[in-house]
Chemist: 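Dumping the structure here so I can ask a few things about it.
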Amino acid sequence: MLALAHRPDLLLFDEPSSGLDPVVRRDILEAIIRTVVDEGRTVFFSSHCWMKLSAVSDHVAMMVGGKVVLSGPLDTAKESITDSHCV
């Protein structure tokens, strides 16, 4: 939440839900969503488990070996991504 204090146009989060219990994860993601909606900011999440963040994403990109191999709207990307090992 400290990252939101100075109101940047772009927020970068690396594994923002890693290690959090489901209730806290939901609360954090809801706070981030409120910020985007209320203030029109862009949020970039990096995660090894895209399914944890897909509920709050509208565009996704996947990198393999440092190269973008998939980029597009979430609905389109869901057809190409399988990630059943993430919970």
Side-chain angles (χ1 to χ4, degrees):
M1 293 291 111
L2 187 57
L4 302 175
H6 68 284
R7 304 202 184 292
D9 292 331
L10 173 64
L11 299 169
L12 301 172
F13 292 99
D14 182 24
E15 297 282 353
S17 61
S18 179
L20 300 176
D21 68 69
V23 173
V24 174
R25 180 184 311 133
R26 184 193 69 233
D27 291 346
I28 294 291
L29 293 176
E30 285 177 359
I32 294 168
I33 291 168
R34 277 194 308 274
T35 298
V36 170
V37 170
D38 294 347
E39 300 176 16
R41 297 186 194 169
T42 299
V43 177
F44 179 89
F45 292 108
S46 69
S47 179
H48 289 90
C49 184
W50 77 277
M51 291 181 68
K52 289 182 180 179
L53 300 173
S54 64
V56 297
S57 302
D58 56 9
H59 188 95
V60 297
M62 180 180 290
M63 295 180 73
V64 175
K67 296 181 181 181
V68 176
V69 296
L70 176 108
S71 179
L74 177 64
D75 293 336
T76 304
K78 280 183 179 180
E79 298 169 6
S80 302
I81 300 172
T82 59
D83 199 12
S84 59
H85 68 279
C86 294
V87 290

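Any value given below was found using the heavy atoms of this structure, including those in side chains, with hydrogens, waters and symmetry copies removed.
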Chemist: Going from CG on L11 to OG1 on T42, what distance comes out if it is rounded to the nearest 0.5 angstrom?
Modeler: 8.5 Å
Chemist: Hey, what do you get for CZ (R41) to CD1 (I32), rounding to the nearest 0.5 Å?
Modeler: 11.0 Å
Chemist: Counting only heavy atoms not in D38 (residues, nucleotides, ligands), do more than 12 fall under 6.0 Å from its CG?
Modeler: yes
Chemist: If you link I, L, V, M, F, W and Y whenever their side-chain heavy atoms are under 4.5 Å apart, who else ends up in the same group as L10?
Modeler: L12, F44
Chemist: My understanding is that only residues two or more places apart in sequence, or in another chain, count here; which of them pass side-chain hydrogen bond (donor to acceptor under 3.5 Å, both in side chains) with D14?
Modeler: S46
Chemist: Please name the pair of heavy atoms, one in V68 and one in M63, separated by the smallest distance, quoted to 0.1 Å.
Modeler: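 Scanning both residues, the minimum pair turns out to be CG2-CG, 4.0 Å.
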Chemist: State, yes or no, whether a side-chain contact exists between D58 and L74 at a heavy-atom distance under 4.5 Å.
Modeler: no
Chemist: With sequence neighbours left out, what residues match R34 under salt bridge (Lys or Arg N to Asp or Glu O under 4.0 Å)?
Modeler: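 None.
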Chemist: Apply side chain to side chain contact (heavy atoms under 4.5 Å, CB included) to residues L29 and F45 and explain how you reach the verdict.
Modeler: CA-CA 11 Å; L29 293 176; F45 292 108; 4.0 Å; yes
Chemist: Are L70 and V64 co-members of a hydrophobic cluster defined by side-chain heavy atoms under 4.5 Å apart?
Modeler: yes
Chemist: Please identify each residue that fulfils side-chain hydrogen bond (donor to acceptor under 3.5 Å, both in side chains) with S71, with sequence neighbours left out.
Modeler: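 Listed in chain order: H59.
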Chemist: Would you give the length of the straight line joining atom CD of E39 to atom CG of D9, rounded to the nearest 0.5 angstrom?
Modeler: 10.0 Å
